[in-house]
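Both ligands and their constituent atoms are indexed starting at 1 by order of listing. Atoms considered below: every heavy atom in the structure, side chains included; atoms not considered: hydrogens, waters and symmetry mates. Index from 1, following the sequence.
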Amino acid sequence: MTDRIYLSPPHMSGEELVQVQQAFADNWISPAGPHLAAFEQKFCAYTGAAHAVALGSGTAGIHLAFLTTGVQAGDEILVSTLTFAGSVNPILYVGARPVFIDSEPESWNMDSVLLADVLQKRAKVGRLPKAVIIVHLYGQSADMDPIMDTCAHYGVTVIEDAAEALGTYYHERHSGTIGKIGIFSFNGNKIITTSGGGMLVSDDKSLVDHARKLSSQAREPAAHYEHNEIGYNYRMSNVLAAIGCGQMGVIEERIRRKREIYDYYQAHLGDLPGLTFAREMPYGRHTRWLTVMLVDPVMFGADREQIRLMLEANNIESRPLWKPMHLQPVFREYEVVGGSVSEALFDQGLCLPSGTALTDDQLERIVSLIRGMH
Ligand SMILES: *Cc1c(COP(=O)(O)O)cnc(C)c1O
């Protein structure tokens, strides 16, 4: 049996260990330390975000986004239904209610027409949601201009879940820096990783300062421990920030390789009937964090699950698209607007191995195995 091929494993450059050794040498193991500030600075310089705070996870970032924008129990939050549960769980942490919005078929991200329609209906009955979470899936940006216009019109806060979209552009701007708040993730399979971690960014300094305070148990500035509000233990550790400092140096190299891997799959599988690949929207750069293929089972002669099982039998990991949140038993009681687009994407979509350390030989093997099924 050959070595297992994973979906998108961590890919260290070597510089991470140098940075971690520095943190050890200076005994900046915990809690804060100079690598944290350096990681935040590098992140702002790369994305163009004005202010950033490094956190233990992207999910913690979404939770803090709610806490710093005054989301209350009973509020409604609109969110893409085609996403990972990490986008949605924090809505429940604060006692708010998710309303799931379907994707549009081109970018797979939130349908701005459905969004405008929901907001118009809610405005009529005087029950506007508190915020909208826009998810940028698999490295492709949502179409932000119509979304920002609609949300500005109704005074609804835009939170961008850019967990999968570091390095993604919407026109000339980085996705995640357009709404009121953006969050990113450095979980193990994301485009860069700190083993686990997240970042919250905003142009609003006082908001980011507040998030930073809440992330370290909401200590007031006093020598003793003084607290005026409820805090959380959500700050990233300095050692993990050192890994992040190393990873920031190779982000563009990683995106280049991700895009090459996509091009390879597309060139070597795109000719087969029934296999299609998500196009890059004309409004921005798709990082191709994961290459996703849609499988029409009648035309191809096998469905996405048969392909997945065949790859698994060859020790190769692939994965269906995110199962829409409105189909998840835990969220069954909540409203969904539309749903058929995300359901069809889930039925047909398969994420192919997209790790940046994949060799050309491995890619060739994956492609010939899939071609063999036709
Ligand atoms: C990974 C991910 C998250 C959560 O990030 P963590 O750092 O794992 O908490 C949230 N939303 C989406 C869309 C993700 O892919």
Side-chain angles (χ1 to χ4, degrees), residues 6-10 39-40 43 52-67 77-94 98 100-103 107-110 131-142 144 158-168 174-176 179 181-201 211 215 232-237 240-241 243-244 247 258 278 286-292 319-326 328 330-331 342 345-346 349 351 354-355:
Y6 290 98
L7 192 68
S8 183
F39 184 34
E40 288 164 356
F43 198 86
V53 56
L55 303 167
S57 71
T59 307
I62 299 177
H63 190 191
L64 290 177
F66 295 153
L67 297 171
I77 307 288
L78 309 189
V79 59
S80 318
T81 189
L82 188 64
T83 189
F84 172 58
S87 308
V88 180
N89 287 331
I91 300 174
L92 284 299
Y93 300 168
V94 296
F100 300 118
I101 313 281
D102 206 359
S103 305
S107 74
W108 306 357
N109 291 316
M110 189 185 286
V132 179
I133 304 173
I134 306 295
V135 187
H136 306 293
L137 276 183
Y138 301 114
Q140 170 130 286
S141 188
M144 291 305 287
V158 175
I159 297 166
E160 291 181 84
D161 178 348
E164 304 179 5
L166 179 58
T168 298
H174 278 259
S175 300
I181 300 180
I183 74 96
F184 296 84
S185 169
F186 313 114
N187 198 6
N189 63 10
K190 299 288 157 68
I191 200 154
I192 64 166
T193 184
T194 58
S195 78
M199 193 76 81
L200 179 151
V201 305
S215 75
Y232 297 82
N233 188 0
Y234 279 173
R235 193 78 161 114
M236 181 180 276
S237 93
L240 300 194
I243 300 176
Q247 288 269 279
K258 289 275 189 193
H286 196 322
T287 62
R288 305 295 184 187
W289 167 56
L290 294 182
T291 291
V292 188
R319 194 179 291 163
L321 256 76
W322 299 124
K323 180 175 177 179
M325 292 297 117
H326 71 274
Q328 300 287 355
V330 69
F331 299 131
S342 57
L345 289 168
F346 173 60
C351 304
S354 305

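- The aromatic rings of F43 and F186 lie perpendicular to each other, with more than 60° between the two planes, well past the 30° mark.
- Taking each heavy atom of G61 and L55 in turn, the nearest pair found is CA-CD1, 3.5 Å.
- We find the CG-CZ distance between L290 and R319 to be 8.0 Å, quoted to the nearest 0.5 Å.
- Distances between N or O atoms of T83 and those of ligand 1 include no value under 3.5 Å.
- Contact check on E40 versus R235 returns a salt bridge, with a Lys/Arg side-chain nitrogen under 4.0 Å from an Asp/Glu carboxylate oxygen.
- In this structure, the protein non-hydrogen atom closest to atom 2 (C) of ligand 1 is K190 NZ, 2.7 Å.
- Residue-to-ligand polar distances keep V135 apart from ligand 1: every N/O pair is separated by 3.5 Å or more.
- Put simply, CZ on F84 and CG on D161 are 10.0 Å apart, with the number rounded to the nearest 0.5 Å.
- Ligand 1 has S87 within reach: a non-hydrogen atom of the residue lies less than 4.0 Å from it.
- For atom 15 (O) of ligand 1, the nearest non-hydrogen atom of the protein is E164 OE2, 2.6 Å.
- For ligand 1, the atoms closer than 4.0 angstrom to any heavy atom of A163 are 2 (C), 3 (C), 10 (C), 11 (N), 12 (C), 14 (C).
- Taking a 4.0 Å cut-off on heavy atoms, G197 registers as neighbouring ligand 1.
- Closest protein heavy atom to atom 5 (O) of ligand 1: S185 OG, 3.3 Å.
- Here CH2 of W322 is found 13.5 Å from OG of S103. Values are rounded to the nearest 0.5 Å.
- A distance of 11.5 Å separates OH of Y93 from CG of L64, quoted to the nearest 0.5 Å.
- Closest to atom 8 (O) of ligand 1, if we only count protein heavy atoms, is N187 ND2, 3.3 Å.
- S175 and S141 share a side-chain donor-acceptor pair at under 3.5 Å.
- The closest protein non-hydrogen atom to atom 4 (C) of ligand 1 is T59 OG1, 3.5 Å.
- Those atoms of ligand 1 that come under 4.0 Å of a heavy atom in S57, given as number and element, are 7 (O), 9 (O).
- When the options D161, T193, I183 are ranked by their closest heavy atom to atom 11 (N) of ligand 1, first place goes to D161.
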